[in-house]
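Working notes, structure below.
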Amino acid sequence: MGVTSPLGAAVSAEGIRFAVWSQTAKRLWLCLFEGENETKRLELQPEGDGIHALFIPGLAAGARYGFRADGDYAPERGLWFDPDKLLVDPYAVEIDRPYAYDARLAARRGAGGDTAPLMPKAVVVDLPAPVPATAPLFQSGGLIYEVPVRAFSIRHPGVPEKDRGTIRALAAPAVIEHLRKLGVSAVELMPVTARIDERHLPPLGLTNGWGYNPVTFMALDPRLAPGGLADLRETVAMLHRAGIGVILDLVFNHTGESDTLGPTLSLRGLDAGAYYRREADGSLVNDTGTGNTLACEHPVVRELVLDSLRHFVRHAGVDGFRFDLAPVLGRVNGDFDPHAPLLDAMRGDPLLGDRILIAEPWDIGSGGYQLGNFGPPFLEWNDKYRDDIRRFWRGDGGMVGALATRLAGSSDIFSASMQGTRSVNFIAAHDGMALADVAAYARKHNEANGEQNRDGHDENFSWNNGVEGGTDDPAVKEERRRDGRALLATLFASRGAIMLTAGDEFGRTQHGNNNAYAQDNVITWLDWEKRDCALEAYAFALAALRRAVPALGTTGFLTGMPLRLEAVPDVAWLTETGRVLEEVDWHDPGRHRLVMMLDAGNGMRLAVVVNGDRRACLFTLPVRDGYSWVPALEPSFQRNDLSRPVPGRTVMFMIERQTEGQGKTR
């Protein structure tokens, strides 16, 4: 079973055709609105295969509408039909206002009254001509910049006030200049489609600021895109002109209709039994922790997801997508399959097959941890990278081998693809502690979330340098400064794609909150006026180095062998004395020092000198005739040479240069 007839509102010169899918509804109506008044309620006609449609001659773009459905009401069997509930079209590409939670939206049939006054209305849009197809600007190995759209720009002084907190802010010249200095290959926008607050947040005076609670998959949230699709389309075009790609973080694992006590807004009221996965007893599967799980193996759900992706490529020109809790998209009969119909359809789709596809490779269902198992072309968020890098810099013993593995692209996880690493390396993301907080808080501080600090991960592999949270102690502040630079340097020295959450390049803090989804306030809003400009300048320098030395950003696995005739080995792993690490060194629990020496091209080598100990140490690098070691970063960011001990908690970059007057030696 599949859908071959277009769903949603299709505009033509003669009028508009409305179509919606439901296999189990007994009757379906189209409701037209002028202002808040429902002016017409017209019954849709069944066309077969679950499609119900109606053509309205003379109606034009701009019309506002919703659906109603009737049938059996038995939530325990996945049936929520209630004609009092106005339903938003799953294929809506624009809504007239944001969703707002109201308990009446979740009332049982006959108990809550007509919900039309509480609901956004879909707006009929005559979509613009498709954006000309181009190859994605992002290349594997580049820098992904994760952006919470509202929090990113709501306090940015260089953004016009009317655009602050919106998608359009990313097109501001001051923002683009910052992105270019940072070497951003693609911005990854956290969810920008229409969402609703979880029902427990309004009584707490809180709002979901992350957006991972969608209702409609194609309609942008009016708070982030007041101008609708045009805002995204124009911003993508501006970023493309600057050489920066755009990735959308999309949620196809659940919706904001939540559990059996949640609101009826769209899919639930149309055909919950088809759109959501259910257990054998009829109860909702909860592989997401949100109360429901989309049935991505169902042909109609699969087409809804694919059509949503095509919509953003065709009409906004986006470069790719990141999928939240991506194993849900690959579950068939409850089990994950890397070649599930939906995943294979993405790979083979003419419009989607060359897009950037990034999986968050875990959900909370059985067998939900699937890191390394998605296969090409999917890149994958690598939480083992995050944890191992944090543990190394925290000072855990026996981590030098793990550090090398993660720096080199995590071949232990991704070597099966035979195409190099597919790792998206990150030390901090929206979900978890901010990078600066990793070295300032030994435990989470989520009290502001109203859940008595029970929410969020308990193990963060973080440390506080002797004082929990804010301090005026100059010694502690200096230790944290070193740690922040070391963490950034490690990330930029890592093979494969790297991801930086906006603001981590200049020391943003969430004051230890590691689950700040409900903090649409100063806890998450970036403070551009008080940013750490010295740390920011260091990040810019790291970005310039990564661009200048291709070996840092490529994705092939390191072998220890020369890549070309007469070339130096692609990597050598050395101790602080300059000798090659031996087996006993790799397993030494007290070892916190390492040198990664890479082929930097043109016969030269780059040395990444890592002193993870708190004690300074003299490092010696092997010297070849005709070459000398010089700093790879300008002197303001590191000492001029290795003649003195390298301070503790430091990463230094040294590069070979031919000695003046000397020819190349062999």
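These figures come from a predicted structure and were not determined experimentally.
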Legend entry - Residues which pass ring pair (Phe, Tyr, Trp, His ring centres under 6.0 Å) with Y65, listed by chain and number, not counting sequence neighbours: F18, F67

Legend entry - Charged N-O contact under 4.0 Å between D259 and R199: yes

Legend entry - Within residues 213-224 or reaching into it, pairs that qualify as salt bridge (charged side-chain N to carboxylate O under 4.0 Å, His left out) - sequence neighbours excluded: D221-R223

Legend entry - Any donor-acceptor pair under 3.5 Å from E146 side chain to I144 backbone: no

Legend entry - R331/E297 ion pair, N-O < 4.0 Å: no

Legend entry - Residues which pass ring pair (Phe, Tyr, Trp, His ring centres under 6.0 Å) with Y517, listed by chain and number, not counting sequence neighbours: none

Inset, instruction - Using a strict 4.0 Å threshold on nitrogen-to-oxygen distance, state whether E34 and K121 make a salt bridge. - result: no

Legend entry - Sequence-distant partners of D197, salt bridge (charged side-chain N to carboxylate O under 4.0 Å, His left out), two or more places apart: R195

Legend entry - Parallel, tilted or perpendicular: rings of F540 and H178 (30°, 60°): perpendicular

Legend entry - Residue list, side-chain hydrogen bond (donor to acceptor under 3.5 Å, both in side chains) with R68, at least two apart or on another chain: E38, D114

Legend entry - Side chains of L105 and M119 in contact at under 4.5 Å (non-hydrogen atoms): yes

Inset, instruction - Measure the acute angle between the ring planes of F252 and F217, then classify it against the limits of 30° and 60° as parallel, tilted or perpendicular. - result: perpendicular

Legend entry - Rounded distance [0.5 Å steps], OG1 in T207 versus CD in Q519: 9.5 Å

Inset, instruction - Could you tell me whether E257 and K85 have a side-chain N and a carboxylate O separated by less than 4.0 Å? - result: no

Inset, instruction - Taking ring pair (Phe, Tyr, Trp, His ring centres under 6.0 Å) as the test, write out the residues that go with H430, two or more places apart. - result: W210, Y212, W381

Inset, instruction - Decide whether a cation-pi geometry holds between R155 and W525; the criteria are a distance under 6.0 Å from NZ or CZ to the six-membered ring centre and an angle within 45° of the ring axis. - result: no

Inset, instruction - Report yes if some heavy atom in the side chain of F323 is under 4.5 Å from a heavy atom in the side chain of M346; otherwise report no. - result: yes

Legend entry - For D126, salt bridge (charged side-chain N to carboxylate O under 4.0 Å, His left out) partners two or more places apart: none

Inset, instruction - With T293 as reference, evaluate T255, D363, D287 under the side chain to side chain contact (heavy atoms under 4.5 Å, CB included) test and give the passing residue. - result: D287

Legend entry - Set of residues satisfying side-chain hydrogen bond (donor to acceptor under 3.5 Å, both in side chains) with respect to Q510, sequence neighbours excluded: R508

Legend entry - Note, T524 side chain near P148 side chain (heavy atom, < 4.5 Å): no

Inset, instruction - Provide the full list of side-chain hydrogen bond (donor to acceptor under 3.5 Å, both in side chains) pairs with a residue in residues 159-175, sequence neighbours left out, each pair given once. - result: R168-E234

Inset, instruction - List the steps, then state whether ring pair (Phe, Tyr, Trp, His ring centres under 6.0 Å) holds for H298 with Y276. - result: CA-CA 9 Å; H298 194 290; Y276 296 110; over 10 Å; no

Inset, instruction - Identify, with sequence neighbours excluded, every residue that meets salt bridge (charged side-chain N to carboxylate O under 4.0 Å, His left out) alongside R314. - result: none

Legend entry - Pairing residues for D354 by the salt bridge (charged side-chain N to carboxylate O under 4.0 Å, His left out) criterion, not counting sequence neighbours: none

Legend entry - Non-neighbouring partners of Y99 that pass ring pair (Phe, Tyr, Trp, His ring centres under 6.0 Å), sequence neighbours left out: none

